Structures are given as C-alpha cells and as structure tokens.
Amino acid sequence: MAIAVFSAGQPVSGNGLTNQDQLNDLELAERAFELALADITDVFDTPVIVMTDGTGSGSLVARHRVLTLGWGLSMGATAAEDTDVSASSVDASAADVTVARRALRLDMTGLAVSIGGAWGFDPVTLGLTMANSFRAGRMDLFATAAAAASTNITSTSVGTADDLLDCIDSFTNSVGDPGQLFGFLRPQTAQGIRDSMGSAAGPSRERPDVQAFLAKGAEMLFGILCWQTPKVVSSGGYYQNAIMAPGAIAYRIAQPSRMYRQVIAAPSDMPILIGIQDDISRDVTEIVANGYDGLAIREQARIRGLLGVV
C-alpha cells in the first residue's frame with residue numbers, strides 16, 4: 001500500500017514545512033496508514049464483495065446484470081434418447097449501485113496545535129486517523145445493505161446453532177451448493193450460537209480479553225467464515241445479522257483527481273482523499289477527508305438475514 005503526497009503536483013509535508021524532519025514524519029505517516037488499514041479479516045477482501053470502479057465512467061450509477069445460472073437449476077431429471085430436453089428460462093436480473101460522497105472535517109485552533117503536540121494532536125496525525133473513520137463508515141453501509149436481505153431466518157433468542165443451520169439449509173434448498181459462506185454477526189449472536197452448541201472450551205473462553213479478541217477477528221462456525229462486528233443494524237426488535245454467498249454485495253468506488261487539491265494522503269486501496277487547509281481568519285486548520293463509494297445487495301439469492309432478538 002502506498003501513499004501519494006501532492007500539492008499542485010509538488011511534494012509537501014503536512015503542516016507546510018519541507019525540511020527533512022517533516023519528510024521523515026511523512027514516512028512514519030505511511031507506516032501509520034498501513035497499521036490503520038491492516039485488517040487480516042476484512043470482509044471487503046472476500047468474494048462476498050463484487051467491486052467496480054466508477055472513475056471516468058460518466059455515471060454515478062452502475063448496473064450489475066446477474067444471470068442466475070447454477071443457482072437453483074438442476075440436471076437431476078433424465079431425458080429419453082433422441083428426445084428434446086425440457087426448457088428453463090434464464091432469469092436475468094439487475095441491481096443498481098450509486099456512488100455517493102461521504103466526508104468528514106476536523107477543525108483545530110492554533111491554541112490546540114500549540115499545546116497538543118505532546119499528545120499527538122497534530123493535523124497530519126488527525127488526517128491519518130480518518131482512514132479508520134472511513135472504514136467505520138463503509139462498514140455502516142455494509143450493515144445497512146445486509147439488513148435489506150429479503151429472506152430472513154428468525155430466532156426468538158440471541159441466536160442459536162439451529163438458526164445457522166437453517167440459513168445453510170435455506171441456501172441449499174433454493175440454489176444447491178452455494179460454495180463458501182460468510183457470516184456478518186453481532187458478537188452476542190456469535191456467542192449465543194457457540195453457547196447453544198455447548199462447545200465452550202473451559203472458563204478461559206469466557207475471559208473478557210479472549211472474547212474481545214474473537215470479536216475483532218473471523219472464525220469458522222459450521223464451515224461459515226464469520227465476522228463479528230457491532231455494526232449490525234437493529235430494527236423491529238431484531239439484530240439483522242446476515243449469511244452471504246460469494247457475489248452477494250456490489251461495491252462501487254470513484255477516485256477524484258489528486259492534482260487539483262492539497263492532499264496529504266491518498267491510500268491506493270481506498271477511495272478516500274485526505275487533505276489540510278487553513279482558515280487564517282479564524283486561526284483554524286481544517287483536516288478534511290472525502291470518499292466516494294456506494295454499496296448494495298447484488299443478488300438476493302446470495303444472502304440470508306439471520307434475525308436475533310435485541
């Protein structure tokens with residue numbers, strides 16, 4: 001992952017200085033970005049997401065045309081020799097994904113800059129933290145999309161192993177073998193499923209630090225690679241978890257030109273530009289992040305909602 005540093009085509013440092021110390025700071029900033037973006041279990045790195053780039057496409061809306069070949073079609077019936085086979089119409093569907101702007105601005109007064117250095121309150125450092133802010137917002141979009149699954153498996157509890165098996169059966173009954181499945185679960189839902197399995201591996205599994213570790217990663221449950229996140233949406237008295245097959249979600253990005261604005265960082269793998277600007281009349285430094293992306297369910301046959309009570 002690389003960071004591009006520009007200001008009208010010229011390299012700059014975050015606070016306007018160009019000495020070697022500031023350039024060294026930018027090298028440290030790149031490492032900070034790598035840490036901020038490092039997520040070995042990012043759901044956006046899985047086959048669940050079908051990604052397209054809208055840059056230069058001339059349209060905010062991308063139309064995903066989906067042919068459901070292999071989903072629900074069976075060759076189980078035999079055909080007599082020298083006879084025609086039965087016909088099955090191809091089910092053509094489409095999903096639209098619209099790119100929209102998401103932005104965040106942080107304002108720092110001159111006094112805050114002057115006394116905040118010891119705690120890292122520095123425009124460049126604050127700008128770098130916006131990568132995580134964008135990631136959090138992207139997961140909010142993902143949770144909202146996942147909550148729009150049209151087929152739901154409903155539980156009267158937080159979540160049980162039977163609910164997870166019902167999701168698997170729902171896929172199998174409608175589309176056959178869906179391939180690797182991926183879960184998007186609230187940590188309490190995942191714990192409820194584990195509890196219902198009676199598979200707690202001793203008291204150590206219940207330690208808060210162990211649970212916190214599990215909640216930040218992904219683990220296999222019945223062959224489903226499950227992410228645990230507090231971003232799961234609640235509505236109507238239910239947490240709207242989701243189980244997804246590859247190709248369930250469409251994600252579209254757009255990357256604005258970096259040449260016409262002051263930019264301190266533009267990570268190559270995220271559609272976000274982060275820059276700083278000054279309003280000298282107020283003695284305020286403005287740290288601004290802009291991101292352009294969109295997300296939607298690509299095909300309802302590839303996603304199941306797993307609803308657990310709040």
Side-chain angles (χ1 to χ4, degrees), residues 1-19 21-39 42-44 54-55 98-144 216 229-231 233 251-295:
M1 190 279 296
I3 288 181
V5 182
F6 295 93
S7 179
Q10 298 297 319
V12 298
S13 61
N15 60 8
L17 301 178
T18 57
N19 57 41
D21 287 340
Q22 291 298 317
L23 293 176
N24 290 340
D25 285 345
L26 284 172
E27 290 181 4
L28 293 175
E30 179 168 354
R31 296 176 192 170
F33 244 133
E34 290 174 346
L35 290 174
L37 299 178
D39 186 346
D42 189 348
V43 70
F44 280 79
T55 303
T98 302
V99 171
R101 173 187 178 230
R102 292 191 283 127
L104 177 64
R105 192 184 85 193
L106 300 176
D107 292 350
M108 289 187 64
T109 65
L111 183 60
V113 173
S114 68
I115 67 173
W119 297 278
F121 296 151
D122 151 280
V124 174
T125 303
L126 286 176
L128 296 175
T129 65
M130 287 189 170
N132 276 339
S133 298
F134 182 85
R135 181 183 295 278
R138 187 169 67 174
M139 290 305 292
D140 285 331
L141 292 180
F142 187 92
T144 300
K216 293 180 181 178
T229 170
K231 297 291 186 180
V233 172
Y251 179 61
R252 194 179 194 219
I253 66 172
Q255 184 70 61
S257 170
R258 304 170 183 176
M259 295 181 61
Y260 306 116
R261 64 190 76 188
Q262 183 187 36
V263 176
I264 64 169
S268 58
D269 56 349
M270 292 181 73
I272 181 175
L273 293 178
I274 305 167
I276 59 174
Q277 60 191 22
D278 292 325
D279 184 343
I280 198 64
S281 67
R282 297 190 298 143
D283 190 21
V284 166
T285 298
E286 300 171 339
I287 306 98
V288 187
N290 289 286
Y292 300 83
D293 63 356
L295 191 149

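Only this structure's heavy atoms are used, side chains among them; waters, hydrogens and symmetry mates stay out. Note that the structure is a prediction, hence the values are computed from the model and not measured.
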**Prompt:** Please walk me through it: do Q255 and L273 pass side chain to side chain contact (heavy atoms under 4.5 Å, CB included)?
**Reply:** CA-CA 8 Å; Q255 184 70 61; L273 293 178; 3.3 Å; yes
**Item:** Option from R101, R102, R138 for which side chain to side chain donor-acceptor pair (under 3.5 Å) with D293 holds
**Value:**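 Result: among R101, R102, R138, R102 is the only option passing the side chain to side chain donor-acceptor pair (under 3.5 Å) with D293.
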What distance separates [X] [atom1] from [Y] [atom2], expressed to the nearest 0.5 Å?
X	Y	atom1	atom2	value
S133	I272	OG	CD1	7.5 Å
T55	R252	OG1	CZ	8.5 Å
D140	R135	CG	CZ	13.0 Å
M108	L126	CE	CG	5.5 Å

**Message:** One pair to check against side chain to side chain contact (heavy atoms under 4.5 Å, CB included): I274 and F134. What are the steps and the verdict?
**Reply:** CA-CA 10 Å; I274 305 167; F134 182 85; over 6 Å; no
Over all atoms of both residues, closest heavy-atom pair of [X] and [Y]:
X	Y	result
N290	A103	OD1-CB, 3.3 Å
G127	I287	CA-CG2, 3.5 Å
P271	Y251	CG-OH, 3.8 Å
L104	M130	O-CE, 3.7 Å
F142	L295	CA-CD2, 3.9 Å

**Message:** Let's go through D279 and D107 carefully: what are the C-alpha distance in whole Å and the side-chain angles of both, what is the deciding distance for side chain to side chain contact (heavy atoms under 4.5 Å, CB included) to 0.1 Å, and is it a yes or a no?
**Reply:** CA-CA 10 Å; D279 184 343; D107 292 350; over 6 Å; no
